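A short write-up of the structure that comes next.
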Protein chains: 2
Amino acid sequence: MTLPLPDRSARREVLLDAADRIVQRDGPAVSMASIAAEAGITKPILYRHFGDKGGLYAALAERHTDRLLGTLREQLNAPGTARERVERTVDAYLRVIEAEPQVYRFLVHSGDAHGQVLSFLNRLSALLAIGVAAELGLQRGSLRAEVWARGIVGMVQRAGDWWVDAPGPTRAEVGRELTQLLWGAYAAAAGAQH
Amino acid sequence: MTLPLPDRSARREVLLDAADRIVQRDGPAVSMASIAAEAGITKPILYRHFGDKGGLYAALAERHTDRLLGTLREQLNAPGTARERVERTVDAYLRVIEAEPQVYRFLVHSGDAHGQVLSFLNRLSALLAIGVAAELGLQRGSLRAEVWARGIVGMVQRAGDWWVDAPGPTRAEVGRELTQLLWGAYAAAAGAQH
DNA sequence: CGGTAGGTGTTACCGCCGGTAACAGTCTTG
DNA sequence: CAAGACTGTTACCGGCGGTAACACCTACCG
């Protein structure tokens, strides 16, 4: 029972690359057949690798969300004042939107990747909840930290969703407004802390 | 050219009722045929009324979002201090989630209704942008008002999405945390305004 | 060397869904 | 009583996700 695992996972990456390309070209709604064609193979191979369409979309989404999560974790744990970290984290998020709007739209608007995106948002929120709790001196798992983390994530996400289709403002402008909004809340909480 | 508009729109409501029933029974992913069956008719009639599946889902989502938007607008324009209005608006939103979680999940998780939900979020954000601009003395359409409105909406929405599937906290608890987060940001902005 | 077993690839198909054309009954109107 | 408009049906199309069945290559083993 020799499992050719190594080159199987390499192949997976190649297939995901192709899927990525076609998503960037044709938008969020892509058929399995077109992905297969782009990869130069046929459908059953895709299904052997990913099980079903949900599996492929999950793998595709996971790849992007993992990278994004890594970037954001870096910024959250970077040295500097709290305000600088907030600023840089927000900017990093907006940067990704700006660099790959099609990918971002795919993640947000594709019904099939929705589950994976929710998982990403939850992981990010969990990260943030720890940071918030630490910064405000709350115990881990406290309701305030949980709700605030979700709220902050949703705030930046929704603003980003809007910005990706709003032609006017620059990244720096949007980032500044978001940071100020966020920081205001943060400062108020820290001040009212006791 | 007699247009039988009155009973046509009445019919529409009946059909939407049926669609609503079947969505609540079978979850967010429903076929046109099953909706037609539930309504006791056949597919072409549905299509004559709603054009395509997107049209039906839009009408269905619009019905709920319009009601919700009306409720929130009421609370936003209610008498009282700004803080009270924030508190009551947040609570009204959470109340709807609590009362009809299945409808809420349909709106959030159904890929087909996504467009309508985005439209709702945008209309709500527009409302809020006006309020924010007025409260902070910004001119209408200013970037800050736009971004903040989106951010605030996203914040409450995401926290609500989390809460609808989190068994623990009560509505009052979540509402209190959200209000405090929101109000902190608000107060900081108003203070730093001048 | 030949046969046989397993992994890789393909073609060709199924069932379901969204959407529509074409036809049949009914009710009004001249 | 015809003519037309409206409401309803059946029966179909194209495309999609998903799969069964078959063809190929390669390697191991008598």
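Residue numbers begin at 1 in each chain, while the letters A, B, ... track the order of the sequences. Only a predicted model underlies this, so the values are computations on that prediction, with no experimental measurement involved.
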Quick one: does [X]'s side chain get under 4.5 Å of [Y]'s, heavy atoms only?
| X | Y | answer |
| --- | --- | --- |
| B/V156 | B/L182 | yes |
| B/Y57 | B/V30 | yes |
| B/Y93 | B/L68 | yes |

| Sidechain N-carboxylate O distance under 4.0 Å for B/D17, B/R21 | no
| said: Between B/R67 and B/E100, does any NZ, NE, NH1 or NH2 come within less than 4.0 Å of an OD or OE carboxylate oxygen? | reply: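 Here B/E100 pairs with B/R67 in a salt bridge, since their nearest N and O are under 4.0 Å apart.
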Atom [atom1] of [X] and atom [atom2] of [N]: how far apart are they, to the nearest Å?
| X | N | atom1 | atom2 | result |
| --- | --- | --- | --- | --- |
| B/Y47 | D/dA11 | OH | C1' | 15 Å |
| B/L46 | C/dC17 | CG | P | 14 Å |
| A/I45 | C/dT11 | CD1 | P | 10 Å |
| B/L56 | C/dG18 | CG | P | 10 Å |
| A/L15 | C/dT8 | CG | C1' | 13 Å |
| B/D52 | D/dG15 | CG | P | 18 Å |
| B/H49 | D/dC6 | NE2 | C1' | 11 Å |

| message | Using a distance-only criterion (donor-acceptor N/O pair, under 3.5 Å, no hydrogens), is the base of C/dG19 paired with the side chain of B/K53? | response | no
Compare the minimum distances between each of [options] and the side chain of [X], then state the nucleotide with the smallest one.
| X | options | value |
| --- | --- | --- |
| A/S31 | C/dT10, C/dG18, D/dG17 | D/dG17 |
| B/K43 | D/dG18, C/dG19, D/dT9 | C/dG19 |
| A/M32 | D/dG17, C/dG19, C/dT10 | D/dG17 |
| A/P44 | D/dG18, D/dA20, D/dT9 | D/dA20 |

Does [N] have OP1 or OP2 under 4.0 Å away from a side-chain N or O of [X]?
| X | N | value |
| --- | --- | --- |
| A/R11 | C/dG9 | yes |
| B/T42 | D/dG8 | no |
| B/R48 | D/dT9 | no |

